[in-house]
Asks: 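I am attaching a structure below and will ask some questions about it afterwards.
For clarity, every value in this text was computed on a predicted model and none was experimentally measured. Hydrogens, waters and symmetry mates play no part in the numbers below; they use all other heavy atoms, side chains included.
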Protein chains: 2
Amino acid sequence: MNTATSTRDLAHPTRDEIRLEGVLHALSDPMRLLIVREMAVAETELACSYFTLPVTKSTTTHHFRVLRESGVIRQAYRGTAKLNGLRREDLDALFPGLIERVLEAAALEADRLGTDG
Amino acid sequence: MNTATSTRDLAHPTRDEIRLEGVLHALSDPMRLLIVREMAVAETELACSYFTLPVTKSTTTHHFRVLRESGVIRQAYRGTAKLNGLRREDLDALFPGLIERVLEAAALEADRLGTDG
DNA sequence: GCCAAACTACGACGAGCGTCGTACGATAGA
DNA sequence: TCTATCGTACGACGCTCGTCGTAGTTTGGC
C-alpha cells in the first residue's frame, strides 16, 4: 500500500489531444457504446467489474483502454478496482452536445430495435 | 442506354435499416468526415468528381460506398456522374441533432487544429 | 462509330481491430 | 502469509479496413 497512484499511472490524453475521429471510432463499437451508455446513466464512477458484457475480461479491458485512450472516459485505480467515469466536461467543451446526442440516439435505437434496455 | 436507373440500382439501406454504430463508424474516418462536411456545406447534390481527396479514385469510390451503405448519403446516377447528397431527413428522424453536432464538432476541431477549412 | 470522362470491379497488400486464453501483478482481507 | 479478487500483459487468430493499381463499363458528345 503506497500512495494513491501507486501501481500504475494510467495514460490519458489531455483535452487538447482528444480527436473527434477517435471519439467517433471509440463509440462505433457496440460493446463500447454499451459501456458508455451504462456509464452515463450511473452518476458515480463504476468499476470495470460492474459491467457484465458478453465478452471475456481480456476483451473488456481492451475496450476500456480504447475508451480511455480516445478520451471518452477517465480511469483511476482504487484498491483492486478501477473506477471509470465519462469525461463529460472535456467532451462537451470540445464537441458541444455531441455525447448527449449520441447517448440519446443510442437510447432511441435500442428502443426502436427492442434490444438492450 | 436503357431506362433511367439502367446500369445499376444502387443499394441503399431503408431508414429502418440504418444503424447508429454504422453511422458513427462511417463518420470516424477522416476522408469520409471530410466528404460529409463538404456535402453539408453545399446544398445541392455533388458529383464524386467534385471532391478532391488525397487518395486515388478507387479509394474515393470505396469511401462513398461505405457512406451510402451506412445510410449517411444517398447516391444516384445522372449521366456519367453520380450525385451524392446527405440523408439529413432520415438521419434526423432516427438520431435527432446528431449529424448537426458532428458537423459542428468537426468544424470546431478543424478550427482548433488549424487544419482544413 | 469512336473516344473521352466518370465511376466500378476485382484482386492485392499491410495494418489494425475484436476476440480469446493463459499467465502474471497488485490489492484487500483473513 | 495465504488467498481470493480485480485487472493487465502478451501472443495468437481471423476478419475488416484503407489503400492502391489495373482493367472494365457506362454515358455523352463528336
Asks: Distance only, no hydrogens: is a donor on one side chain within 3.5 Å (strictly under) of an acceptor on the other, for A:N84 and A:Q75?
Replies: yes
Asks: On DNA chain C, nearest-nucleotide positions of A:P54 versus A:G79: which is more 5'?
Replies: A:P54
Asks: Quick one: A:L83 CG to D:dT5 P, roughly how many Å, whole number?
Replies: 19 Å
Asks: Are any of B:S58's side-chain N or O atoms less than 4.0 Å away from OP1 or OP2 of C:dA9?
Replies: no
Asks: Please report, rounded to the nearest Å, how far the C1' atom of C:dG16 is from the CG atom of B:D29.
Replies: 13 Å
Asks: Mapping B:T59 and B:R78 onto DNA chain D by nearest heavy atom, which one lands closer to the 5' end?
Replies: B:T59
Asks: Taking atom C1' of D:dT19 as reference, at what distance in whole Å does atom CD1 of B:I35 sit?
Replies: 14 Å
Asks: Please list, in numerical order, the residues of residues 61-71 of chain B that have a heavy atom closer than 4.0 Å to any atom of DNA chain D.
Replies: B:H62, B:H63
Asks: Is it true that A:E89 and A:R15 make a salt bridge, defined as a side-chain N closer than 4.0 Å to a carboxylate O?
Replies: no
Asks: Under 4.0 Å between a side-chain N or O of B:T80 and OP1 or OP2 of D:dT26?
Replies: no
Asks: Considering only D:dT19, D:dG7, C:dC7, which nucleotide approaches the side chain of B:V55 most closely?
Replies: D:dT19
Asks: So, A:T56 versus A:T59: side-chain donor-acceptor pair below 3.5 Å or not?
Replies: yes
Asks: Return no unless some side-chain N or O of A:T60 is found under 4.0 Å from OP1 or OP2 of D:dG7.
Replies: no
Asks: Can you tell me if the side-chain N/O atoms of B:T56 get under 4.0 Å from OP1 or OP2 in D:dC20?
Replies: yes
Asks: What I want to find out is whether A:R101 reaches B:E100 closely enough, with some N-O distance under 4.0 Å, to be called a salt bridge.
Replies: no
Asks: Rounding to an integer number of Å, can you tell me how far A:K57 NZ sits from C:dC24 C1'?
Replies: 13 Å
Asks: Would you say A:R32's side chain and A:A26's backbone share a donor-acceptor pair under 3.5 angstrom?
Replies: yes
Asks: Tell me if a side-chain donor or acceptor on B:R88 pairs with a main-chain N or O of B:I99 at a distance below 3.5 Å.
Replies: no
Asks: Identify whether any heavy atom of B:R32 sits under 4.0 Å from a base atom; if not, whether one sits that close to sugar-phosphate; answer base, sugar-phosphate or nothing.
Replies: sugar-phosphate
Asks: Can you tell me how far CG of B:L91 sits from OG of B:S70, rounded to the nearest 0.5 angstrom?
Replies: 8.5 Å
Asks: Expressed as a whole number of angstroms, how long is the span from B:Y77:OH to D:dT27:C1'?
Replies: 11 Å
Asks: Taking atom P of D:dT16 as reference, at what distance in whole Å does atom NE2 of A:H25 sit?
Replies: 14 Å
Asks: Could you state the CD-C1' distance from A:E21 to C:dC17, rounded to the nearest angstrom?
Replies: 18 Å
